[in-house]
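The structure under discussion appears below in the form of structure tokens.
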Amino acid sequence: MGSDEASSSSRWSAAFAGASIDSMQIYDSVVARLFTPWAHDLIGRLAPRPGHAALDVACGPGTVTHALADCLGPDGHVVATDISPAMLEIARSKSTGTDSAPIEWLESPATPLPLPDAAFDIVTCQQGLQFFPDKVGALAEIRRVLRPGGRAGVAVWTQVEDQLFGYLRDAIANVMSGETADRYLGPFLLTGEDAAEYARRAGFANIDMERVTLPAVLRGGAQELFDTLPASGVAADIAALHDNQRAQLLAETVRLAEGAQEGTSLSGSLTASVLILS
Ligand SMILES: C[S@@+](CC[C@H](N)C(=O)[O-])C[C@H]1O[C@@H](n2cnc3c(N)ncnc32)[C@H](O)[C@@H]1O
């Protein structure tokens, strides 16, 4: 991992860890909708069974966690960890179904996990690995807590050019600076191949990787993309903008995304490398 990648990722991790509930709520209202089909895709690949125990690492607003709890049923058990108290508060506030597995929420970095060895049938980590300072260590922790025969599902975005979020990166470059745009890239810098290599170093023997593209629609258009910035690695830069600069940045995002606008919605896709590890 290059030093630029490391500093961009750690900036995002720090932004998540210190984010306010307000900025995370805005983020959640956009991102949870975009991430829900991805949660179902990842869980489907792991084929969980009722009564299984599952761990969701870097659970964020709980999109994968709640879907897992619904799959595992009342005899199952789900633990969810995240470094951000604001994310955990939002995740915890969402209601769970009466037929869902109980969920235990833990504030914790990805390494070390405050959990016993061989405790889980399934571990998920959706769009979290790219932010962890010690990626091999985090994957080794995931492996440590998996039962023999258990499986982990890890998803990381491919490059920003493949994503709806690319409009934001370009708008930041045009209105702010190329350097600020580079600092926006944290979620999109870890390749699937590198993630697979880290998993191998962490001791996983079976590593299946697939490049997956799913449609992404933002009903509120480019404004919704823009609304994710307060919970990004450039949150401090955005907060420091004057109102007219912020308006300029939004206008540039709208202009760049014009071709993807369908009525009031923005339509595009997201692409990730999805790894199944055992
Ligand atoms: C893009 S969000 C993904 C959240 C969730 N998995 C989902 O699919 O919606 C990334 C999450 O990683 C968490 N995170 C960042 N750095 C972390 C670290 N070092 N340890 C644990 N969690 C971390 C953030 O707080 C955030 O909730």
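For the numbers below, each heavy atom of this structure counts, side chains included, while hydrogens, waters and symmetry mates do not. Order of appearance sets the numbers: ligands from 1, and atoms from 1 within every ligand. In this text, all values refer to a predicted model and were calculated from it rather than measured experimentally.
No donor-acceptor contact under 3.5 angstrom links the side chains of Thr81 and Ser108, judged on distance only. Under the 3.5 Å distance criterion, with hydrogens and angles disregarded, a donor-acceptor pair is assigned to the side chains of Gln163 and Thr158.
Atom numbering of ligand 1 starts at 1 in the shown order; those under 4.0 Å from a heavy atom of Gly60 are 4 (C), 5 (C), 27 (O). Atoms of ligand 1 lying under 4.0 Å from any heavy atom of Pro109, numbered from 1 in the order shown and given with element: 20 (N), 21 (C). Within ligand 1, the atoms closer than 4.0 Å to a non-hydrogen atom of Phe131 are 1 (C), 10 (C), 15 (C), 16 (N), numbered from 1 in the order shown. Residue Ser108 approaches ligand 1 through these ligand atoms, each under 4.0 Å from one of its heavy atoms: 21 (C).
Ligand 1 has no atom lying under 4.0 Å from any heavy atom of Ala39.
No side-chain donor-acceptor contact under 3.5 Å links Arg49 to the backbone of Cys71. Side chain of Arg211 to backbone of Ser273: no donor-acceptor contact under 3.5 angstrom is found. Under a 3.5 Å cut-off, the side chain of Gln130 and the backbone N or O of Gly186 do not form any donor-acceptor pair. Looking only at distances, a side-chain donor or acceptor of Gln261 sits under 3.5 Å from a matching main-chain atom of Thr264.
Between Ser13 and ligand 1, at least one pair of N/O atoms sits closer than 3.5 Å. Below 3.5 Å of separation, one finds no N or O of Pro133 facing any N or O of ligand 1.
For atom 20 (N) of ligand 1, the closest heavy atom belonging to the protein is Ala110 N, 3.0 Å. Tyr27 OH, 3.1 Å is the protein heavy atom nearest to atom 1 (C) of ligand 1. Scanning the protein heavy atoms around atom 10 (C) of ligand 1, the nearest turns out to be Gln127 O, 3.3 Å. From the protein, the heavy atom lying nearest to atom 26 (C) of ligand 1 is Asp82 OD2, 3.6 Å. Given atom 9 (O) of ligand 1, the protein heavy atom at minimum distance is Phe35 CD2, 3.2 Å. Atom 12 (O) of ligand 1 has as its closest protein heavy atom Ala58 CB, 3.5 Å. Nearest non-hydrogen protein atom to atom 18 (C) of ligand 1 is Phe132 CD2, 3.5 Å. Given atom 23 (C) of ligand 1, the protein heavy atom at minimum distance is Ile83 CG2, 3.4 Å.
When each of Thr36, Asp56, Val78 is tested with Val64 by the rule side-chain contact (heavy atoms from CB on, under 4.5 Å), just one qualifies, namely Asp56.
For the pair Phe35 and Pro61, the minimum side-chain heavy-atom distance is 4.5 Å or more.
Looking at Gln126 against ligand 1, both its backbone and its side chain come within 4.0 Å, counting heavy atoms. The part of Cys59 lying near ligand 1 is the backbone, judged by heavy-atom distances below 4.0 Å. Only side-chain heavy atoms of Pro61 come within less than 4.0 Å of ligand 1; its backbone N, CA, C and O stay farther off.
By the 4.0 Å N-to-carboxylate-O rule, Glu258 lies too far from Arg255 to be salt-bridged with it.
Taken together through direct or relayed side-chain contacts under 4.5 Å among Ile, Leu, Val, Met, Phe, Trp and Tyr, Leu164 and Trp38 form part of one hydrophobic cluster.
Aromatic ring centroids of Trp157 and Phe131 lie 6.0 Å or more apart.
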